[in-house]
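Working notes for the structure below.
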Amino acid sequence: MAKDVIEIPVSVLSSIETLDELQDWLTAHNPQVVAELRAARQEDLAGRFRVWEPRHVTWPYRVEVGSRADNPAQGS
């Protein structure tokens with residue numbers, strides 16, 4: 001098979017309903033992605049990871065009371 005050709009089983013093509021599902025299948029069958037995920041899992045199991053710390057950042061915003069921006073039902 002040529003390097004730039006991907007074989008997708010008919011059963012897969014007939015069962016997918018969205019492009020996201022097709023992308024998921026393609027990702028799961030990409031040897032490089034699978035190898036990277038397995039390596040990351042092994043690092044995790046060995047304790048070689050950085051603890052995730054969520055960042056809470058306030059977003060600067062201003063609400064104008066009575067404007068159409070905060071009540072689109074007012075119309076023009």
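Worth saying up front: this structure is predicted, and the values here are computed from it rather than measured.
Annotation for Gln23: atom CD does not count as buried by contact number, only 12 or fewer foreign heavy atoms lying within 6.0 Å. Counting heavy-atom neighbours within 6.0 Å of Leu45 CG, excluding the residue itself, gives a total above 12.
Leu26 and Val12 fall within a single hydrophobic cluster, where Ile, Leu, Val, Met, Phe, Trp and Tyr are joined by side-chain heavy atoms under 4.5 Å apart, directly or via other members.
Here the CG atom belonging to Asp44 is positioned 12.0 Å from the CG atom belonging to Leu37, to the nearest 0.5 angstrom. Between the CD1 atom in Ile16 and the CG atom in Leu22 there is a gap of 4.0 Å [rounded to 0.5 Å].
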